Amino acid sequence: MAVARDLVGASLIADPGSPDEVRARIVEVEAYLGEDDPASHAHRGPTPRSSIMFGPPGHLYVYLSYGVHHCANVVCGADGTAAAVLLRAAVVDSGAVVVRARRATPAGDDGLLSGPGNLCRGLAITAADNGLDLCSGGRIRLERSPDVPVLSVGPRVGISRAADLPLRFWWTGHPAVSGRLPTP
DNA sequence: CGCAGGATTTGCT
DNA sequence: GCAAATCCTGCGG
């Protein structure tokens, strides 16, 4: 959860050095815990899919949602402890042309990576990137934020269990935050 | 081996 | 605002 706060404002670099390089800053995340969190895929202990969350931190955990969209997580617990942070939204810093070509959407630059599935599509993250090490210069790289953005905290979205836990963090007032705010 | 459900997005009623 | 699209994973028989 402390890691989740640090991830907001961090830079995500896809395909570094290639003509398709894309840089984006994370503006919205959700923390998922381990076996104590009913909403986490690690809730029922290690499985072939969730085992990556029990591994060492700094790795990418990608899964397919509703058979249509990919979602990217950053494993952040110690080796043996399941914990991950879902990347929900980011804002394109450079490479917007590449992202727009992949997204094919009329949305403005702020909305190109808004939403977990859209973020993965824009950065070309697929199941093939599952288990990737974000710290050792792989296809996807992560850089810590030089500054500390102002954060807001709220309940998680899109899940049916334990949705009331305040484990969602977003860049306060940022236009790229996905519009799904808690329904009052 | 078969079945039910899900950390979503998009388009139409 | 609601329902469909679509496939992999986990669980039961």
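Being a predicted model, the structure only gives us computed values, none of them experimental. Each chain gets a letter, A, B and so on, in the order its sequence line appears, and its residues count up from 1.
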Scoring nucleotides 6-13 of chain C by protein non-hydrogen atoms under 4.0 Å (B base, S sugar-phosphate only, - none) yields BBSSSS--
Determine which bases of DNA chain B form Watson-Crick or G-U wobble pairs with both distances under 3.5 Å, and write the result as a 5' to 3' dot-bracket string with | for other-strand partners. ||||||.|||||.
Is there a side-chain polar atom (N or O) of A/R168 under 4.0 Å from OP1 or OP2 of B/dA7?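 So the side chain of A/R168 is outside the cut-off, no N or O lying under 4.0 Å from OP1 or OP2 of B/dA7.
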Judged by each residue's nearest nucleotide on DNA chain B, which is more toward the 5′ side, A/R103 or A/N73?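 It is A/N73, whose closest nucleotide lies nearer the 5' terminus.
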Other than A/Y32, what residues sit in its cluster of Ile, Leu, Val, Met, Phe, Trp and Tyr side chains whose heavy atoms are under 4.5 Å apart, directly or through others?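 Other cluster members: A/L86, A/I159.
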Give the minimum heavy-atom separation between A/L142 and A/I26, together with the two atoms involved.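 Here A/L142 and A/I26 meet closest at CD1-CD1, 4.1 Å.
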Please report the shortest heavy-atom distance between A/P116 and A/C71, naming the atom on each side.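 Smallest heavy-atom distance, with atoms named: CB-SG, 3.8 Å.
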Separation of A/D164 atom CG from B/dA7 atom P, in whole Å?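 That distance rounds to 15 Å.
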Check the distance between B/dT8's C1' and A/Y32's OH and give it to me in whole angstrom.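 After rounding, the reported distance stands at 11 Å.
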With sugar-phosphate meaning primed atoms plus P, OP1 and OP2, does A/I159 contact a base, only sugar-phosphate, or nothing at under 4.0 Å between heavy atoms?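 Touches sugar-phosphate only.
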Separation of A/R156 atom CZ from B/dG6 atom P, in whole Å?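 Taking CZ of A/R156 and P of B/dG6, I get 15 Å after rounding.
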What's the CG-C1' distance between A/L119 and B/dT8, to the nearest Å?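 One finds 13 Å between C1' of B/dT8 and CG of A/L119, rounded.
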Going through the distances and angles, do A/L113 and A/V91 end up as a side chain to side chain contact (heavy atoms under 4.5 Å, CB included)? CA-CA 6 Å; A/L113 299 176; A/V91 59; over 6 Å; no
A/V62 and A/H70: which non-hydrogen atoms are nearest, and at how many Å?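 Heavy-atom minimum between the residues: CG1-ND1, 4.0 Å.
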Could you check how far CD of A/E28 sits from P of B/dT8, rounded to whole Å?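 Interatomic distance, CD of A/E28 to P of B/dT8: 11 Å.
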Are A/R156 and A/E30 close enough, and set up right, to give a salt bridge (Lys or Arg N to Asp or Glu O under 4.0 Å), and what steps lead you there? CA-CA 7 Å; A/R156 295 182 289 188; A/E30 263 177 29; 5.1 Å; no
Spacing between A/Y63 atom OH and B/dG5 atom C1', to the nearest angstrom: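 Those two atoms, OH and C1', are 13 Å apart.
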Shortest non-hydrogen contact from A/F54 to A/A42?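 Residues A/F54 and A/A42, closest heavy atoms: CE1-CB, 3.6 Å.
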A/R121 or A/R161, whichever maps to the more 5' nucleotide of DNA chain B: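 The 5'-side residue here is A/R161.
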Test item: A/T172 side-chain N/O and A/V150 main-chain N/O as donor-acceptor pair under 3.5 Å: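 Here the side-chain-to-backbone pair exists.
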Which atom pair, heavy atoms only, marks the closest approach of A/M53 to A/S40?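 That closest heavy-atom pairing would be CE-OG, 3.4 Å.
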Rounded to the Å, how far apart are A/H69 NE2 and B/dG11 P?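 The answer, rounded to whole Å, is 10 Å.
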